[in-house]
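Here is the structure we will look at, set down as structure tokens.
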Amino acid sequence: MKQIRAPSSPGAAFYRRDTLQTARDLLGRTLCRRLDGGVVLRGRIVEVEAYDGPDDRASHASRGETPRTAPMFEAGGLAYVYLIYGMYHCTNIVTGAAGYPAAVLLRALESPLEGISTSGPGRLSRALEIDRSLDGASLLGRSLWVERGSPVADGAVRRTPRIGVDYAGRWAKEPYRFVIDGHPALSKRPARRRSD
DNA sequence: GGTGCGATTGCA
DNA sequence: GCAATCGCACCA
């Protein structure tokens, strides 16, 4: 069954690829959110993190499928939204093939609301009014989707370890965070010398 | 049924 | 440096 979507929006195949590749390719694209009233909020994606596969100890999926992580095990192209610290939501885009748990965490946007940037996944979700009602929602639907935006050259992409996953052993060091180098909206890293 | 904690943020 | 705040993973 063919989905109706804007020509500038990627189809399901875009999300069902390798998670790291999809994460990198999401940089520069526009995240779009339509509110119930019809208003559309948009922001350019400038920071993401990949959570890749069942062995990635930084990923919620590393302990197998649970009610919370079920969306991560679906085929790519839907949202995985969860509540963190009882007060913030984190918005992810599920990637890869069905049965392979993977997703890309959206961490920062540029100008989602008329010149206002959001820094950090909790604030990003709040700015676009994304909560668990969108958990499992299709990225090919009417509430949340991605548009082409402005492509980012390889030279402008910087890779670093992910933030806030120090519990993950060697996986904490994998360069799974992708950012537009030097962008002012990037999350601040917890105090830490070297290796960024 | 009870317990511990987190892919964060803001304030002291 | 640390409190806020609650769903859920895990154990009993």
Side-chain angles (χ1 to χ4, degrees), chain A residues 15 18-27 31 33 43 45-74 76-96 100-110 112-113 116-137 139 144 146 157-180 183-193 195-196:
Chain A
Y15 302 106
D18 173 75
T19 306
L20 296 171
Q21 190 63 55
T22 307
R24 183 258 175 271
D25 289 345
L26 279 169
L27 289 179
L31 180 66
R33 160 82 170 121
I45 299 169
V46 300
E47 176 183 358
V48 299
E49 286 176 356
Y51 289 83
D52 187 24
D55 299 325
D56 179 357
R57 289 215 2 243
S59 171
H60 292 164
S62 64
R63 295 193 222 185
E65 185 171 351
T66 67
R68 179 178 64 152
T69 61
M72 289 190 73
F73 289 75
E74 301 282 319
L78 51 93
Y80 166 47
V81 182
Y82 64 90
L83 183 66
I84 185 71
Y85 294 108
M87 59 186 87
Y88 298 106
H89 294 275
C90 287
T91 303
N92 298 253
I93 294 179
V94 175
T95 55
Y100 184 84
V104 175
L105 171 67
L106 306 178
R107 292 195 59 95
L109 300 181
E110 170 189 314
L113 302 170
I116 301 174
S117 293
T118 65
S119 194
R123 293 161 55 153
L124 180 156
S125 299
R126 188 175 59 191
L128 266 60
E129 299 188 30
I130 295 170
D131 60 24
R132 287 184 304 160
S133 69
L134 287 175
D135 187 35
L139 267 290
L144 190 66
V146 169
V157 175
R158 177 177 169 81
R159 294 182 62 170
T160 82
R162 294 167 290 186
I163 293 176
V165 296
D166 292 342
Y167 56 81
R170 77 172 179 85
W171 290 95
K173 299 179 179 169
E174 293 290 338
Y176 284 3
R177 174 173 175 252
F178 297 77
V179 307
I180 296 180
H183 195 284
L186 302 185
S187 300
K188 278 187 206 154
R189 209 161 169 47
R192 147 178 312 214
R193 313 302 186 216
S195 127
D196 178 75

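The figures here come from the full heavy-atom set of this structure, side chains too, leaving out hydrogens, waters and symmetry mates. Residue numbers start from 1 in every chain, and the chains themselves are labelled A, B, ... in the order their sequence lines are given, proteins ahead of strands.
- Taking all atoms of both residues into account, the shortest heavy-atom contact from A:Tyr88 to A:Gly122 is CB-CA, 4.1 Å.
- Among all heavy-atom pairs drawn from A:Arg159 and A:Tyr176, the shortest one is NH2-CD1, 4.2 Å.
- Within the nucleic acid shown, A:Arg126 comes within 4.0 Å of sugar-phosphate atoms alone, with no base atom in reach, counting heavy atoms only.
- The heavy-atom pair separating A:Ala108 from A:Leu124 by the smallest distance is N-CD1, 3.5 Å.
- Helical stems of DNA chain C (runs of at least 3 Watson-Crick or G-U pairs, donor-acceptor distances under 3.5 Å) are listed by first residue: B:1-6 with C:6-11, B:8-11 with C:1-4.
- The minimum heavy-atom distance linking A:Ala23 with A:Val48 is given by the pair O-CG2, 3.4 Å.
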Only pairs under 3.5 Å count here: list side-chain donor-acceptor contacts from residues 168-175 of chain A, not counting sequence neighbours, and write none if there are none.
| residue | atom | partner | partner atom | Å |
| --- | --- | --- | --- | --- |
| A:Arg170 | NH1 | A:Glu174 | OE2 | 3.3 |
| A:Trp171 | NE1 | A:Asp55 | O | 3.2 |

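- Residues passing the ring pair (Phe, Tyr, Trp, His ring centres under 6.0 Å) test with A:Tyr100, sequence neighbours excluded: none.
- Contact detail for A:Ile45 and A:Leu106: the closest heavy-atom pair is CD1-CD2, 4.3 Å.
- Among pairs with a residue in residues 124-135 of chain A, those fulfilling side-chain hydrogen bond (donor to acceptor under 3.5 Å, both in side chains) read A:Thr91-A:Ser125, A:Asp131-A:Ser133, at least two apart in sequence or across chains.
- Taking both residues in full, the closest heavy atoms of A:Val94 and A:Ala79 are given as CG2-C, 4.3 Å, listed atom of the first, atom of the second, then distance.
- A nucleotide of DNA chain B counts as in contact with chain A when one of its atoms lies under 4.0 Å from a heavy atom; the first and last such, 5' to 3', are B:dG6 to B:dG10.
- Spacing of C1' atoms, B:dC5 relative to C:dC2, comes out at 15 Å, to the nearest Å.
- Considering only heavy atoms from C-beta on, A:Leu128 stays 4.5 Å or farther from A:His89 through its side chain.
- On the nucleic acid side, DNA chain C contacts chain A at distances under 4.0 Å to non-hydrogen atoms, with the end points of that region at C:dA4 to C:dC10.
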